[in-house]
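Here is the structure we will look at.
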Amino acid sequence: MERELATLDKGAQCCSWNYCGQRFAVGYDDGSVAVHDSDSSFSRSSKFKVHADGIMNIIWIPPEFGDAIACICIDGTLSLWEEVGEDAHSVSWKQCKVFESNTSRVLDVQFGLPTRYLKMVAAYSDGLVKVYELLDLLELNKWQLQAEFQNVVDSVSIFGKPTCITASVAWSPRRGESQQSRFALGFNSDLSQFNSCKIWEFEEAHQRWLPVAELAFPADTDDRVHALAWAPNIGRPFEVIAVASCKGIAIWHVWLNSGIDGRLSTEKVVLLSGHDNEIWQLEWDVSGMTLASTGGDGLVRLWQSNLNGVWQEQAALDCSGGQQ
Amino acid sequence: MPGRLSEPESALIPLSTEVDVPLYHIRLGVKPPIFRVFISWSRGNVLQVACIRPLEDHLARGEGNETSDDAGLGGKVVEVKLGASNPNISEAQRRRIIYDSVPPFVLLQSRRKAFLTMSRMSSSSSHPSTDWWKQVLEYSRSISELLGSSKLSSKSVIEDPMIVLEPVEKPSSLKAAWQLMEIFYVDKHYFSWLPERLVDWLADYDAILSETQMTVHSKLVKLQEKLVNLQVIENEPEYWEGLSSVLTVGWLDVAVKLLRLHGSYQLNQLDSRETENGLVETVAVLVSTMPRLRHDLPVRKLGQCLKTKPDFIKAWEKWRGQITKLDCSAFWVQCSHRPTREGLRNLLQIMLGNFNSISTACFHWMELFISHVLYIRPLTVGFEEMHGLALKFMRLKSSSISNGLMRLLIGILGENTEVVMAECSKSFGPWMVAHSAELLTADNNQNEILLHEERYNLGGISIVELHRLVYCQVLTSHPLTWQVAPTYLVSCPKQGLGLLEILLSKQPVQNYPMILKNLEICQLNELYGISSFVKKIAGMHQWKHGRKGSGVYWLQEARDEARLNRIAQQLFECIGRSISDETFKQWEGLIELLGSDVGTAGGVGFLHRYRDFKRSLRQVKNGRPTRAARQTVESLIQLMKSPYTPQRFWLPLLHDVVELLNWKDQPLLNVSETNFLLKKLQELSMAQLCREFSETYLPPEALTEIRLALATNLSRAFLEE
């Protein structure tokens with residue numbers, strides 16, 4: 001059963017939905033962003049110019065901070081925009097903040113579940129990871145750089161500067177004040193140490209980010225990561241993370257109770273292949289039981305584990321409607 | 001190849017065979033080539049898919065064949081509802097079933113809880129109670145009832161002798177499946193009367209089997225159409241075939257009705273066909289007196305009802321003896337009408353349990369199976385034997401299992417609970433599997449353990465819980481059914497509340513009734529964290545969209561001190577930027593709303609004191625009572641003493657009270673108070689802030705006026721003291 005929600009103008013490049021799926025923002029190659037609302041039957045409610053260059057990705061900011069998005073442009077500029085208005089008739093999108101970088105481009109940005117501060121992780125084309133904290137709960141214009149590090153396990157050795165094509169960040173979706181800040185990050189770069197997906201955890205005692213797990217076997221650490229998704233956990237004793245690399249989609253189980261060395265125990269459950277090994281996006285459903293993936297074959301594939309814990313593809317959706 | 005595991009050695013349980021994955025086409029998608037596909041899970045099982053086409057310059061390079069349809073199209077966003085819905089059930093009916101099944105489900109859950117508590121107290125076996133199945137039977141019947149009635153009430157008082165097939169509504173295969181499960185899993189009484197239960201079931205649902213294959217029902221439908229036009233009915237082979245078929249499946253009333261249509265009953269022929277008629281009538285009597293091992297016999301149903309096995313065996317032997325006697329009687333020689341003779345003797349053979357006669361008269365393997373247990377093995381046979389028989393009859397009738405009901409029956413007879421659940425899920429949907437799990441465990445400890453055992457592979461939940469969670473996801477896919485989901489989620493001990501939290505946190509909060517509904521659910525389930533989260537989203541949305549009062553209200557409800565303090569600070573800064581009466585009036589309502597108990601930060605405290613000061617000042621200006629004047633001055637001193645009062649407020653505050661400093665009746669400030677204020681004025685002068693403020697909006701002579709008024713007050717206070 002399907003329903004057409006909206007048609008997009010020429011030049012559309014990316015699309016992203018808000019927390020409840022009732023709004024989505026579309027980025028265009030001319031640097032503009034269009035927002036579509038369910039209130040208006042998903043017709044375009046506003047369109048505004050963000051940048052001179054095309055929009056590469058849009059990420060919605062957690063809803064406790066209003067209706068706001070982060071736009072990553074092709075030139076690597078990151079800007080934050082929010083919808084504000086004096087009344088229902090004078091609503092408009094205004095720019096709150098621009099993160100400019102002369103040396104490297106922003107590849108991916110993700111926002112953590114807010115505890116005391118809203119945290120934003122930005123992955124840059126030179127392999128750097130920057131963690132920012134929002135200082136003002138009402139306005140999105142005051143950010144402080146909390147940490148800056150490279151996505152490598154060995155923090156002592158000195159590595160060269162990689163050239164990264166894409167990056168994937170996924171925060172732990174666990175809600176609750178007591179939860180520690182954690183995110184997973186992987187690169188698609190020319191330097192193998194940077195590629196593999198690592199889980200980073202904020203250590204309160206020393207106020208620093210530490211890599212607590214690496215989601216790759218020693219032989220696979222140089223596999224370029226194309227996408228990753230951290231499954232919602234509604235009560236499992238372990239976390240489930242899907243990591244897409246050139247070899248396929250790996251499903252990992254991660255136990256958050258770290259051992260004596262501070263490392264988390266992990267288990268690679270399966271490696272699923274599909275999409276001609278070019279994966280664009282991974283998305284878990286609300287229960288964390290079904291994984292949807294998109295990729296180079298233009299299909300949406302749905303994966304589930306059966307009662308014996310065996311992961312299988314359940315169905316595939318052909319977006320071209322069979323009009324090959 | 002979709003569905004394969006590329007690294008089977010790394011999988012927990014390697015798949016030996018490749019699985020065919022169903023491929024669905026999104027008809028509303030875009031024509032290839034596709035640049036990117038973006039996805040997002042929306043409500044429940046709804047997936048939103050954005051198909052983006054390549055840019056024009058890519059297309060121009062020959063990557064696609066642009067057609068006029070797609071000119072100007074950059075892509076499409078489509079919503080896909082996953083999970084097959086039962087095509088035989090309309091949306092409205094589906095929703096009615098969803099809503100109506102809640103009360104029986106809730107009642108059974110509360111009874112289960114009570115039973116579990118009782119059994120724990122008596123430390124008996126793991127199963128709640130030996131009588132538990134009775135509770136489940138009551139539940140099963142309530143559910144069965146809401147799945148629809150298959151019978152139409154007969155409107156005609158006078159029975160039409162030519163109507164052998166009662167008009168019925170199209171039977172529901174969902175109900176048919178439910179009743180099959182009730183027969184085999186729940187009803188202990190009926191299990192000993194299994195053949196009869198199956199005969200009743202087939203009478204109600206044989207029409208469903210007709211959809212894919214010839215059945216006794218479809219044979220009867222054809223015969224019914226012909227009956228009116230047939231002149232000498234007993235000459236027609238179809239009449240005798242139909243008769244033997246209905247008798248085989250135990251529809252005795254129809255068989256007798258058909259027998260009585262025999263031509264020998266016609267008055268003008270009674271004399272010439274006396275023996276023939278006698279034989280027909282004798283067979284009709286034998287049919288109507290067939291012993292039936294069952295609890296009761298509905299009105300108009302034929303046969304002798306026997307409640308116990310010994311009585312039944314006795315009657316059955318007697319009845320069989322009568323049939324054998326008739327079969328061997330000499331009257332057959334006297335019956336000259338060959339079709340009647342042969343037809344009737346065939347009926348006797350069926351009643352005597354002749355497999356060939358029974359098998360010829362049945363069309364569907366399920367009919368043959370039921371006939372077999374009715375005439376050949378009337379006393380209960382074991383599951384294993386029944387399963388073997390079912391498979392044998394399937395081969396005999398060259399049937400494939402094309403129907404969900406058949407697969408379900410095979411699963412039940414094969415005693416494979418996982419197959420039964422999978423079949424329920426596949427053919428009848430998540431509603432069926434979530435609700436029928438109760439039937440499976442009604443009287444079966446093994447199933448109870450199997451379905452309620454917590455499994456690592458499922459993330460620590462049981463199969464029952466898994467199916468409830470899946471059902472809830474389906475419920476949340478529709479805005480009219482999502483509110484039912486919490487009822488089922490609270491019955492999921494491990495992950496129900498976790499899923500409920502996520503579902504609630506993903507509900508849109510733009511409209512007020514929706515927020516209230518969400519909060520009500522949070523309250524009922526003590527999900528205070530989510531409740532606060534929902535309120536925060538609502539508050540921030542309102543605040544950012546110009547509805548400041550509503551925003552503050554929701555943030556207060558969320559007890560979001562950090563944001564409220566920031567709002568207070570913003571107000572404070574706003575008022576501070578232009579300390580005029582106009583600005584103050586604009587914000588006074590919000591200050592009021594913020595309340596005095598918000599946080600400990602000085603911002604709000606100052607705003608409240610400032611508001612009190614302005615109020616009493618207004619009272620003074622309106623009526624000039626000395627009490628109000630005294631109060632105003634006290635407020636002023638408090639404000640000036642407070643470390644939270646910003647310096648930029650000092651001068652405007654003092655300017656506001658110039659009139660009070662020259663109060664006619666008496667000096668309102670004593671010497672020390674006046675000195676304190678003069679000192680503050682001096683501090684301002686030192687900090688060179690006076691100029692800045694007096695330049696903004698205070699009159700140029702403001703500073704002089706204040707100094708003079710303070711000096712006057714000081715002199716009057718000296719004299720007074």
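Within every chain, numbering begins at 1; the chains are lettered A, B, ... in the order of the sequence lines, protein sequences first and strands thereafter. Just the heavy atoms: all of them, side chains too, but no hydrogens, waters or symmetry mates, feed the values below.
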Hey, are the side chains of [X] and [Y] touching, using non-hydrogen atoms and a 4.5 Å cut-off?
{"X": "Val286(A)", "Y": "Leu499(B)", "value": "yes"}
{"X": "Lys81(B)", "Y": "Arg3(A)", "value": "no"}
{"X": "Thr290(A)", "Y": "Asn45(B)", "value": "no"}
{"X": "Ser287(A)", "Y": "Leu469(B)", "value": "no"}
{"X": "Arg236(A)", "Y": "Leu458(B)", "value": "no"}
{"X": "Ile34(B)", "Y": "Ser320(A)", "value": "yes"}
{"X": "Val77(B)", "Y": "Phe42(A)", "value": "no"}
{"X": "Leu466(B)", "Y": "Met289(A)", "value": "yes"}

Rounded distance (nearest 0.5 Å) linking atom [atom1] of [X] with atom [atom2] of [Y]:
{"X": "Ile234(A)", "Y": "Glu501(B)", "atom1": "CD1", "atom2": "CD", "result": "10.5 Å"}
{"X": "Asn308(A)", "Y": "Arg455(B)", "atom1": "CG", "atom2": "CZ", "result": "7.5 Å"}
{"X": "Leu137(A)", "Y": "Glu561(B)", "atom1": "CG", "atom2": "CD", "result": "12.0 Å"}

Of the backbone (N, CA, C, O) and the side chain (C-beta and beyond), which part of [X] lies under 4.5 Å from a heavy atom of chain A, both, or neither?
{"X": "Gln473(B)", "value": "side chain"}
{"X": "Leu500(B)", "value": "neither"}
{"X": "Ile39(B)", "value": "both"}
{"X": "Ile52(B)", "value": "side chain"}
{"X": "Leu497(B)", "value": "neither"}
{"X": "Val534(B)", "value": "neither"}
{"X": "Leu47(B)", "value": "side chain"}

Give the minimum heavy-atom separation between Ile502(B) and Pro232(A), together with the two atoms involved. CD1-CB, 3.7 Å
Looking at Leu317(A) and Leu82(B), what are the two nearest heavy atoms and their distance? CD1-CD2, 4.2 Å
Need one label for [X]: side chain, backbone, both or neither, based on atoms under 4.5 Å from any heavy atom in chain B.
{"X": "Gln22(A)", "value": "side chain"}
{"X": "Leu299(A)", "value": "side chain"}
{"X": "Val300(A)", "value": "side chain"}
{"X": "Thr7(A)", "value": "both"}
{"X": "Tyr19(A)", "value": "both"}
{"X": "Gln13(A)", "value": "both"}

Parallel, tilted or perpendicular, as decided by the 30° and 60° cut-offs, for the rings of Tyr456(B) and Trp255(A): parallel
Pick whichever of Gly295(A), Pro237(A), Gly298(A), Cys14(A) has the most heavy-atom pairs under 4.5 Å with chain B. Cys14(A)
Among Leu138(A), Leu282(A), Val26(A), which residue forms the greatest number of heavy-atom pairs with chain B at distances under 4.5 Å? Leu138(A)
With a 4.5 Å heavy-atom cut-off (strictly below), which parts of residues 27-36 of chain A touch chain B? List them by number. Asp29(A)
Does anything in residues 15-25 of chain A pair up under salt bridge (Lys or Arg N to Asp or Glu O under 4.0 Å), and if so which pairs, sequence neighbours excluded? Arg23(A)-Asp37(A), Arg23(A)-Asp67(A), Arg23(A)-Glu83(A)
Side-chain donor/acceptor of [X] to backbone N/O of [Y], under 3.5 Å:
{"X": "Trp41(B)", "Y": "Glu283(A)", "result": "yes"}
{"X": "Ser40(B)", "Y": "Trp17(A)", "result": "no"}
{"X": "Glu2(A)", "Y": "Arg27(B)", "result": "yes"}

Are Glu139(A) and Lys544(B) close enough for a salt bridge, meaning some N to O gap below 4.0 Å? yes
